[in-house]
Amino acid sequence: MGLHFKKATSIFRKTMPFVLLRLGVGLLLGVLTIVYFGVIAWLGYRLVDAGTISGWIAIVGLLLSVGLFVWGWRLFSKYVLYLIKAGHIAVIAHIVETGDVPPNQIQYGKDQVKEHFTEASALFAVDKVVKAVVKQFNKGVVSFSKLFSFVPSLKKLVRLLGEAVALAASYIDEAIIAYMFVNSEQNRWQSARDGVVLYGKNWKPVLASTMLIVGGLYVAAFLLFLAFTPIAGILGNLSSAFEIAGWAVVGGITLTVYTGFLKPWVKTVVITTFLVEIEGETPDSETADWIAGRSDRFQELASKAEPDGSSDGDEPREEVTVAQ
């Protein structure tokens, strides 16, 4: 595992243009969010203060503004942030497989995503199914409730561990997407199916390392938050308004470092670990059947990979079949 961390850290540094791009977009979104809600709050205050609208109308307007913001955020995340993340995954996969860094990695990542998925909705659809399969599979093979069933007082711990396993799926599905980028001879559904099968063959080391590093991620984020709390204390000596601003600054810095650097590094480690663990292995029907017995969503994924499934007309490959 130490070798994986070392290799992943090296790859993370090599893909810094993508990390900085994501960080820049995140900062821009943060500024736009502050401006958006600042303008909404200012307009609401002025209109209520002038008696133009009542307090209840202001509250309804605020709720509508929040709803519009959430809708816009989801749309932007799906069609912009998600594509940036996918491009980064493509570059990481390329470096792991070849050892070479594309000369213009942002353009390379963009071209790879476009070549493999044509449009954002196609990538989103595959990732949604893969994530559902991985969550079901992890839940099927790891049962902490049975392991600690003789100690009722550990229910909260069991629940926490279960949530950690579910959270790991959000990183493991990215590793499977990376596998899809290095298997361009298949259509996306076939490649996704085979990637899940290979995860099933290597789930123990991949899941264990993912849970370990995700746990470390949250510890690091918490320590980072504590390290910046003196900022709020210093500003709090000036006034209560400055104290609130100070906590906003602390939260903003922590969130920026967390999403801009820590999460991309974790993603790089998980992808590197997965691609190294499955090196030289091939998917097989026995493992596919075993996974299908633990995830009905895998049967959906496998059916899309078959010649008569929704594979968008790509040439099928018959190496893996699933017993229904």
- Message: Does any part of the side chain of Arg294, heavy atoms only, come nearer than 4.5 Å to the side chain of Trp290, both counted from C-beta?
- Response: yes
- Message: For residues Val101 and Leu21: do they belong to one hydrophobic cluster (side chain heavy atoms under 4.5 Å, members Ile, Leu, Val, Met, Phe, Trp, Tyr)?
- Response: yes
- Message: Run the side-chain contact (heavy atoms from CB on, under 4.5 Å) test against Trp42 and tell me which residues pass, sequence neighbours left out.
- Response: Arg46
- Hey, quick one: are Leu255 and Val35 part of the same hydrophobic cluster, counting side-chain heavy atoms closer than 4.5 Å, chains of contacts allowed? no
- Item | Phe274 and Trp203 aromatic centres sub-6.0 Å | no
- Rest of the hydrophobic cluster containing Leu32 (Ile/Leu/Val/Met/Phe/Trp/Tyr, side-chain heavy atoms under 4.5 Å)? Leu28
- Task: Return the minimal non-hydrogen interatomic distance between Ala169 and Val134, and the atom names on each side.
- Result: CB-CG1, 3.7 Å
- Would you check if the side chain of Gln105 reaches a backbone N or O of Lys14 as a donor-acceptor pair within less than 3.5 Å? yes
- Message: Would you say CZ of Phe124 has more than 12 non-hydrogen atoms from neighbouring residues, nucleotides or ligands within 6.0 angstrom?
- Response: no
- Item | Closest heavy-atom pair and its distance - Leu23, Gly260 | CD1-CA, 4.1 Å
- Note on the structure: Taken in chain and number order and not counting sequence neighbours, the residues that satisfy side-chain hydrogen bond (donor to acceptor under 3.5 Å, both in side chains) with Lys135 are none
- Which distance, rounded to the nearest 0.5 Å, do you find between the CD of Gln107 and the NZ of Lys110? 5.5 Å
- Item | Tyr36 OH: over 12 foreign heavy atoms closer than 6.0 Å | yes
- Task: Determine which pairs satisfy side-chain hydrogen bond (donor to acceptor under 3.5 Å, both in side chains) with at least one residue from residues 211-236, sequence neighbours left out, and list them in order.
- Result: none
- Sequence-distant partners of Val70, side-chain contact (heavy atoms from CB on, under 4.5 Å), two or more places apart: Val66, Arg74
- Message: So, taking the atom named OG1 in Thr272 and the one named CD1 in Ile95, what distance separates them when rounded to the nearest 0.5 Å?
- Response: 9.0 Å
- Query: With a 4.5 Å heavy-atom cut-off, do Val269 and Ser209 have their side chains touching?
  - Reply: no
- Message: Assigning hydrophobic clusters by single linkage (Ile, Leu, Val, Met, Phe, Trp, Tyr; side-chain heavy-atom cutoff under 4.5 Å), is Leu223 placed with Ile253?
- Response: no
- Message: Would you say the rings of Phe137 and Tyr199 are close, in the sense that their centroids are separated by under 6.0 Å?
- Response: yes
- Note on the structure: Heavy-atom nearest pair, Val96 first then Ile11, reads CG2-CD1, 3.4 Å
- Query: Of all residues at least two apart in sequence or in a different chain, which pass the side-chain hydrogen bond (donor to acceptor under 3.5 Å, both in side chains) check with Ser295?
  - Reply: Gln136
- Reported CD1-to-CD1 distance for the pair Ile172 and Ile177, which is rounded to 0.5 angstrom: 13.0 Å
- Task: Working to the nearest 0.5 Å, report the span between NZ of Lys131 and CZ of Arg297.
- Result: 12.0 Å
- Query: Does Leu20 belong to the same Ile/Leu/Val/Met/Phe/Trp/Tyr cluster as Leu262, with side-chain heavy atoms less than 4.5 Å apart forming each link?
  - Reply: yes
- Item | Tyr171: ring pair (Phe, Tyr, Trp, His ring centres under 6.0 Å) partners, not counting sequence neighbours | none
- Task: Scan residues 15-28 for pairs that pass side-chain hydrogen bond (donor to acceptor under 3.5 Å, both in side chains), counting only residues two or more places apart or in two chains.
- Result: Thr15-His88
- Query: Salt bridge or not for Glu277 and Lys201, using N-O below 4.0 Å?
  - Reply: no
- Query: Hydrophobic clusters join Ile, Leu, Val, Met, Phe, Trp and Tyr when side-chain heavy atoms are under 4.5 Å apart, directly or via other members; which others share one with Leu64?
  - Reply: Val60
- Query: Is Val80 reachable from Phe69 through a run of hydrophobic residues whose side-chain heavy atoms are each under 4.5 Å from the next?
  - Reply: yes
- Message: To the nearest 0.5 Å, what is the distance between CG on Asn202 and OG1 on Thr273?
- Response: 11.0 Å
- Query: Quick one: are Lys85 and Lys267 in side-chain contact, heavy atoms under 4.5 Å?
  - Reply: yes
- Contacts of type side-chain contact (heavy atoms from CB on, under 4.5 Å), residue Ala178, not counting sequence neighbours: Ile89, Ala93, Ile271, Leu275
- Message: Let's go through Val129 and Glu300 carefully: what are the C-alpha distance in whole Å and the side-chain angles of both, what is the deciding distance for side chain to side chain contact (heavy atoms under 4.5 Å, CB included) to 0.1 Å, and is it a yes or a no?
- Response: CA-CA 8 Å; Val129 175; Glu300 174 190 343; 3.9 Å; yes
- Are Thr287 and Asp284 linked by a side-chain donor-acceptor pair shorter than 3.5 Å? yes
- Hey, are the side chains of Ile291 and Val196 touching, using non-hydrogen atoms and a 4.5 Å cut-off? yes
- Item | Considering all heavy atoms, the nearest Ala86-Leu123 contact | CB-CD2, 3.3 Å
- Asn187 side, atom CG; Arg193 side, atom CZ - distance, nearest 0.5 Å: 8.5 Å
- Query: With Ala90, which residues qualify under side-chain contact (heavy atoms from CB on, under 4.5 Å), at least two apart?
  - Reply: Gln112, Phe181
- Message: Suppose the criterion is side-chain hydrogen bond (donor to acceptor under 3.5 Å, both in side chains): which pairs have a residue in residues 252-265, not counting sequence neighbours?
- Response: Thr9-Trp265
